[in-house]
Structures are given as C-alpha cells and as structure tokens.
Amino acid sequence: MAARTLTINGTLISARSNETVLEAAREAGISIPTLCHLDGLSEVGACRLCLVEIAGSAKLQPACHTTVTEGMEVQTDTPRLKAHRRAIVELLFAERNHICAVCVASGHCELQQLAVEVGMSHVRYEYLSPDCSVDISHARFGIDHNRCVLCTRCVRACDEVEGVHTWDIAGRGTNARVITDLNVPWGEATSCTSCGKCLLACPTGAIFSRGSTVAELERDASRIATIVAARNERW
Amino acid sequence: MKRHQYRADALIEVLHKAQELYGHLTEDRLLEIAHSLHLPPSRVYGVATFYHFFSLTPQGEHSCTVCLGTACYVKGAMELLATLETESGLRAGSTSADGKLSLLTARCLGACGIAPAVIVDGNVAGHADPEVMRARVRALLDED
Amino acid sequence: MNRLKLATVWLGGCSGCHMSLLDLDEWLIDLAAHVDLVYSPIADQKTFPEDVDLTLVEGAIANDEHLELIQDVRERSRMVVALGDCAVTGNVTALRNPLGEARSILQQVYIEHGDPRGILPSTPGIVPILVDQVVPIHMIIPVDLFLAGCPPSGPRIRAVLEALLAGTPPELVGGFG
Amino acid sequence: MEFQDLQIMAEQERSRRKAIRIHCCTSSGCQASGALELFHQLQAAVEAAGQNERVDIVGVGCMGFCGQGPMVSVEADGVLFEHVRPEQAPEIIASLDGGPCNVKQGDHAHPFFSRQLHIVRRNGGVIDPERIEEYIAVGGYQALYHVLHEMSPAEVIDAITRSGLRGRGGAGYPTGLKWATVAKSPGERKFVICNGDEGDPGAFMDRSILESDPHLILEGMSIAAYAVGADQGYLYVRGEYPLAIARLQKAIAQARKHDLLGSQIFDTSFNFRVDIRVGAGAFVCGEETALIASIEGRRGQPRPRPPYPAEHGLWGYPTLINNVETFGNIAPIITNGADWYAGIGTERSKGTKVFALTGKVRNTGLIEVPMGMTIREIVEELGGGTPDGTPVKGVQTGGPSGGCIPEALFDTPVDYESLAEVGSIMGSGGMVVMDATTNMVEIARFYMEFCMDESCGKCIPCRTGTVQMYRLLSKISAGQATAADLATLEQLCHLLRETSLCGLGQSAPNPVQSTLRYFREEYERLLRKRVRINLTSR
C-alpha cells in the first residue's frame, strides 16, 4: 500500500493511501471529535463534528469521509471549527431531552463527553422539549427516544454487523426516529436476535440494558470493531 | 410487484402502486411488500414515512389540497387555508371524523401562473377565491 | 481588603446545589473570612440587596417569582454564576416541559392524577404562577459563568469561588449530570 | 429507422395538415382554467360550422402566459385569445371567416412575447406533445441521427463544452465538463438521469417543458447517453406532475415504437432505454445523491460528495445527472451548432434561461429570455409591474435556496455570477415578485418552514438548525424576540451554510441572509428590549 505524506495542524505525518483523514489523525495521536462514526461501521458523514479545513478547498470536509492525498494540508482545530462543533453539540442538547442527571449513561456517554470536549458551558438555543416515548417492551433492552441523537449507529450495527436490519429510521427531519421492524414495540420485533450490538453501538443512554440505573450503564463500543475485525480475519 | 420482478429498488414504485390501488398504506400491506421484495420491514416503513406522498392513514372520501408554494403564498394562500380550516373545523393535514373530507396542503403544484391554486378531488382550481372555496368545502362536508 | 458581598439564590431546583455548597464544611469558615453572605435561602434576608459582588443562582426559571427575582439579581449583581444543571440547562425542573404548557401540567397533576381529585391551585400573590416552559436562567438574563453538575461537587464549587476571590478566571472542567 | 424515414414522416405529417390550425393550450395551468372543456367545445364548434375539412383543433403545450389562460391561438394569422371560456368556442370559429368576436385578444407584440427568445420552449404552444409525428415534423430527432452517424462521443462533448452550456438546475456547473467526467470514468455500465424533481415552490419550468415537449428531453437524454456511453436513462419526475408523467409515458412508448429508443437506434450499435421514476414528495431529492438514493428505492437522503455521481453514482456506476432544461438545450445546440449557442447570452452564462414569473406581477407565466437580461426588464417590461401599481419591493430567485433581490438592484443582469454576487442564485428559475405590502420577515419564515419540513434529518445542522431558525423567525415575527435572538439567528445562518451535508442545508439560510442584507430594518423594527415569557393562562 502506497504511503502518503500530509500535514495535520502543521505536523508532518504519513498515512496509507486508502486511509481517511480521521484514521490518519488518530494514528498520529490527533483527536478529532466524532459522533456518527464508529470503528467497524460504514461512514455516513452525518454528524458534521469531524469537519476539518483542507487547504485549497473552500468547503469544510468530513475527516471520516475524506481520503488522504499527497501533500494535503489539514487543520482540525481552528477557532472556526471549534465554534461550529460547539454549536452542533448545543443543537443536539436542545433537540431532545438530554437530562444527564437522570440518565443511565451519565458519566459513560459520548454526547456528554463531547460537550466537555467542545467546551459547551451552556446551550444558547431554545430547548425544543419534544414529547418522546420510552419503549421497554423488550425483555433485556430498552430504547429512550429522549436521548437518541439519530446517529444511526444502531441501524448500521444491526444491518452491517448482525445482518438482520431490525432498526431503521422512520419519518424525516426533526421528526425522524429510530424504529424496530414495522414500527412495532421492540419486544414484538421478530427480526431482533437480541444480540445487543445496538446497545454497544449507541453513544448515549438511548439504548440501554434494562435494570441499569442512573450512571450505571457502561459499555465498550470498540467491541463492534473487534467483531468486524475478527470476522474479516477468520474468513 | 411482479411487473418489477420483485426487485428491491422497485420499493417506491410498488408503494406508489399500492397507494393508488388502496388509497393508503396499511401495516399489513407494508409487511406484505417487505416480504415480497425481500426487504426488512423497518426499511419499508422508513421509506414509506420518508416521502410525504405516502399515507399510512385512510384519506377522506373527498380531498381539498391548498397549494402553499411561494406564488400562492404571496397571493394569499394562508388566508385561504385559514378560511377552509375554520369552515371545515379541520386542521390542515387531517381528515374529518366521518371520513368525508381530508384538508391537505401541498408544497407547490407548479400551477404558479394561476395562483392561488387548490385541488378539489383531483381537479385544479386556479385563482381560487376564499368564499367560493368555502362554499365548495361546505358542499362536500354536507353531502350525503 | 474589601469584603466581597456574596449572595446565593434558590429558584426552581431541589436545593441540592446549596447542599453541595454546604458540603464544603470547614472551608466555609475560611470563606466567611473573605465574604459577607448578604442574601441566601440559608440567611434571613427578605429582599435581594443592592451592590452584590457575586451571586450564585441555583435552579431554573419555573414561575413568576423566579422571573422577577432573576431580574433583580442581574440588576444588582456584578457577577452572576449559574450554579448547577437546573440553572444551566433546566434539568430535572424542566422535565415537565415535554408534557405541555403550565395549565395542562396543572390539570394532569391536580385533576387527572390527583387523589382525591383536587382543584387547580389559584391563590394570586401567594402561590406563584407557573411559566409555560421552564427555562435556564441565561434565557432571561446574561450570565457570566456556568458551573454545571447535578449537583456540582463541593470541590468544584470551591475551586470556582477560590479563583473568583483571587480575581483569576476559573477553569471549568467537567460537565453535566 | 433511417434519416429518410424521419424526413418522410415529417413530410407526411406536414402534408396532412389542414388549412387552419388552432392551438388550444392543454397544459396543467390552462387545464385548471377549463382548457379541456374548451378544447372539446372548439372541436364541436368546428363540426357544427362544417369546417372539418379546413380547421384542425390541436391541443398544444404551454404558451407561457398561464395567468391569462386558457389560451388559444390561430397559427396562420397569429391571433391570440386569452381567458377563453368554453361557450366562446363558436365565436372563435366564426371569427375565422370575419365574424364578430368579443373574446379577449392578446398581443404578440407585447414585450411579454416579443422580448423572449425561445430555444428550449420553441415547440411549446406549437406542437401537440402527445404525438411524436408533430415533433418529427418540426425537425425532431434529426439531431440524434446526426450525432449517431456523424459525430464521435468526444465530438459531441466538445460541442456541448464549446457551447458554454451550464447546468440549469441551479449551481451552473459546466455541462460539457460534467459529460466529459462521466465519459472518462471507468464503469461496466453508465447511467443518464434527468432530474425533473422540480421542488422549488414558485417554479414550474420543468413541468411545462415536460408537458409541452417531452420528446425534446428524450432526444437530449439520448444524445447525452451516446456521448457518455450510457445505455439506460431515468427520468425522475415529481409525483405532483401527473400530466407530465402521462405525457412522458406516452412519448417513451411512441419513441420505442419508432425505434428511437431501445436497441440499435438509427441502425447503429447505440442502445438506450429510458424509464420514469416518480418522486414521492421530498424536496431534498432534487439533490443528486438523494435523487440517486430515491431511484434505488431508498430514503432520499444525500451522502457526502466526493465521490461525485459522475464517478460513483447509481448503484455505484458513473452517472450523468442533468436537469430538464439542460437536456432541453442539447438538441438545439447540435442542430444549430455550438457557436450559435455561444453567441447568445453573456460572457460566462450562455444561451437562454426559462423563468417562472409569478407573484405580484401583472403578467404571470413562463418566459425564456437570453442570459444577461436585467431583472428590471423582466419584471417591468415582460411582467408589466405589479397588477395594481403598488411599488415593487423585490424579487425572489432560486426559491428556498435563493435570495431576495431588492428593487434597487434590479439592473442586475440574470447570469450565474451576477445573481450570486447580490446574494441570490440562478436556481432552477423561479422568480417571485414581491410588492411593498410583502412582509420580508414573513417571507424568510415561509422559506425556513419549507426547509425545516423538507430537511431529511440526516445531518444535525440542517435537521435541528432549521427548527431553531424557524422558531427564531417566528419569535421575531411575533414581536417577541430581542437583539440577542437576531444575533443567534445570524450565527445559525453561518453554521448551516458551512457545515450542512448537502445543498439544502447549506443554502437554507439564503432567504434569511438576503432579506437581512437588504431589509434589515424590517427585522429590527420588530425587536423588543426585554425577554418575554409566557405565564400560565388562566
């Protein structure tokens, strides 16, 4: 595999020719915030948190979806990018009812961690306070739509890793929500194998295991990548 | 579905056809489509709810669609809609309890030259006058 | 050295942030050496005084009294700190927002789920009037500093106060919940 | 089919024509004004007057003057009738022999007609769109023949490039360059897609073209397919356009019957099939990657570009996507030559542009004018100003992705660069005139509501940023907002423009930003000093 040399924030780094800017940056120890990205799953470029500046391109590009090129000059942490990231995280907090104090994932939540990372001190936007439901019809898991950020990691984990496609998105715009099968209660979704990969993939407390109480839910999202890697190597 | 050889990419075409035949898409029908096209039910539901053309609830016997495109908007479509909402007691996008009438809105019918435009049971009426439309809606509601 | 005039305010919250402040135990005695507590739920002072240097506000804006008080707080304080998640985000106090406007909430709480079925509280001048949607304080007034946490831990409150007393900008790490 | 066959068909069609041909517009706009009934009454009147041998009543496509419909024209002497009522049919027929006629007559010399230049719409209002013979009689499919027999794909692309044609869907990407990219992208298969998902409210150019001259688009697509090496095309049409869909279906069937679509077209090795895909009510499907997703039977959500569809499009194959009007220019360019086309318009924007002139303007309808005409000429001369003489305030071009251009800048010529400079876009061609009574904050709110409803929900800035912006605009409109709210609104404009995934979100702030730029005082007048909060209503 050919190597590419590029600079990220002025630091010269080398990367494999098929790597994304995100992968190259992480290998070089440069952190770029992400939310919809999860190692092992396909990229959708939807959260816009990993947008970076690339010299010669007027538009910001998602690091997760941009392949490195020779001589590329990338900036990941300019004031403009920081301001945008903070605004995006604030928009998410305002969109649904993310109340950390009563959340199973508090302390182990990627959204909460992102808020800290991007320096969100408060939310400048009006809280939309939608009336969202909680579905605990499944024997082992539950889904709290109040905490869902529509990153579609559960949809992709279920489709691409488990291969059953129980999850999808219904509706559109801000009314979009994740559903199981034909929008039936999760417990009645016959395609679900109860494998729990959606739980592993979920960045927030939206998908939780029943029985865990506030701040108890810990999980390891990197297990998705492990499963994918193991499968690829075995076959 | 046969005509589309049960191809997964024919989903939207099939949904169009099903809605045309039955007026709206029931969950049973969506499930049937999912099975025939070998698609996950959640994907079928996701597609059916993404596009505003598809309706999962029955539509009224009659329909009245007010165009809210820019040209119609500039020419008073909102006032027209408000008049019809008051007359029918329906909110835009809903159907009367007796199933007589659905009051709907459209993004743009492309009939901007004759704005404001209203479609009553498939027939476009241009230069729509609130009072005339009010009477037509009343007539549809009162019909036996 | 001038003693700093400190106020703490308790709006729509559970008082947990004040408890957290009180958890600072003996450090409070050190604090008392530098500040005068001029207004607080734990002090006997009816009206919000003039010329306050620093006001810590716990809780969200949930009723008309809060609305009035927060305006006084802003007008009479040099610095306003939103203390804890309710003041910063609305938090648990705002959990009622998805259920609708105030009247619908009262209806649900006092009539539909009341046992025995009650009446809507309406005692003008005594029971405050609810706002339709609970909002964090920065939606009403400019806020100088946000200290999140439910509640913010004693040491975090202390770190902020120490920095402010020393006249340096406090470093706010950690977050919500 | 050979070239001679085309000529024979054309000759036969011309020779069977009767002495007098009366055109009755049967496009959507006029149909809504009762044109079909009028058409039947005209036929009945001809019958009744015993004029069957002499007079032909032909249902034709759009004449453009939709606001004055139904429209009827007499071909030979050029008489134009407006607002014709069905019961007036006998009067019109009688007038052919000098009978008295009180039907309102239009004036071909009126600037609305005389200042237009028809390239794409040359057959609109002239031929019966439901008969391929009529299209062939005016020279149809000869360009395709010429291309297949006398030009290499590279030569076709070169001609399109030299013509200077740019995409008519909004962004104005050079068409030749796009074709060249698809042509050189490696792929076992390639596709050509015609984007007829005309979603901009206030625009109906594509509907009108498809209804009036469907074969023109099929021919343009075929030429493109030959040039880029595609064998399958899709025509993606909005579900809101049933008449356009019906006429396209008919046109495709006729073209197949005459071997103008299908295998070995004009006895060459060129094969091309076209299928129609009907949209289902999603504005975002006008975005090319979303459109592709929709054709593939999925939710119409865009994906990040690059890779561009030209390299990685429908089912991963190189795909050419152009809009209806762009394809409408292809056959005329081939027929008349690239230099002819390049001689029309301005330095960087060549040819003509079709606009839907609507709103508070006396003459509403469809116009096709050379690039470079000023907005003032369009609104005041062609449009005739506002109906009641109220001063014009501005004009919105480009729909929800465009901007509002104030009257003071009406001397701006319509070309891609000039419109962008004043904060709007060419867009697909909607041109909504607003007069002094129009509330600009409300207009911005209207467009933001549109974008909010049409956001697909995939990327965060667009999905929830449009909601926040809509709420802020509503708050301002209701007189409940403060200066801080206005500042937040402006920050969000910036955020959406820079971070949204696709054009919908990136351009959603345009109407807000342009109205703020030119009509800021209308916003500021509505601001209040103190925050206001609703208390329990008792």
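So that the names make sense, note that chain A is the first sequence line, chain B the second, and so on, each numbered from 1. Side-chain atoms are counted along with the backbone in the values below, which use heavy atoms only and exclude waters and symmetry mates. Remember, it's a predicted structure, so these values are computed and weren't measured experimentally.
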More than 12 heavy atoms of other residues, nucleotides or ligands under 6.0 Å from [atom1] of [X]: yes or no?
X: C/Asp51; atom1: CG; answer: no
X: A/Ile136; atom1: CD1; answer: no
X: C/Glu68; atom1: CD; answer: no
X: C/Arg74; atom1: CZ; answer: yes
X: C/Asp44; atom1: CG; answer: no

Proximal component of A/Val102, with respect to chain C [non-hydrogen, under 4.5 Å]: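 Side chain of A/Val102 only, per the 4.5 Å heavy-atom cut-off to chain C.
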Pick one of side chain, backbone, both or neither for A/Ser106, based on which atoms fall under 4.5 Å of a heavy atom in chain C. side chain
Nearest non-hydrogen partners of A/Ala101 and C/Val92, listed with the distance: CB-CG2, 4.4 Å
Looking only at non-hydrogen atoms, find the nearest pair between A/Ser129 and C/Asn97 and report the distance.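 Distance-wise, the nearest heavy atoms are OG-CB, 3.4 Å.
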Would you call the rings of C/Phe146 and A/His122 parallel, tilted or perpendicular, taking 30° and 60° as the class edges? parallel
Just how far is it from atom CE of C/Met139 to atom OH of A/Tyr127, taken to the nearest 0.5 Å? 6.5 Å
Proximity breakdown for C/Pro136 and chain A, heavy-atom pairs closer than 4.5 Å: side chain
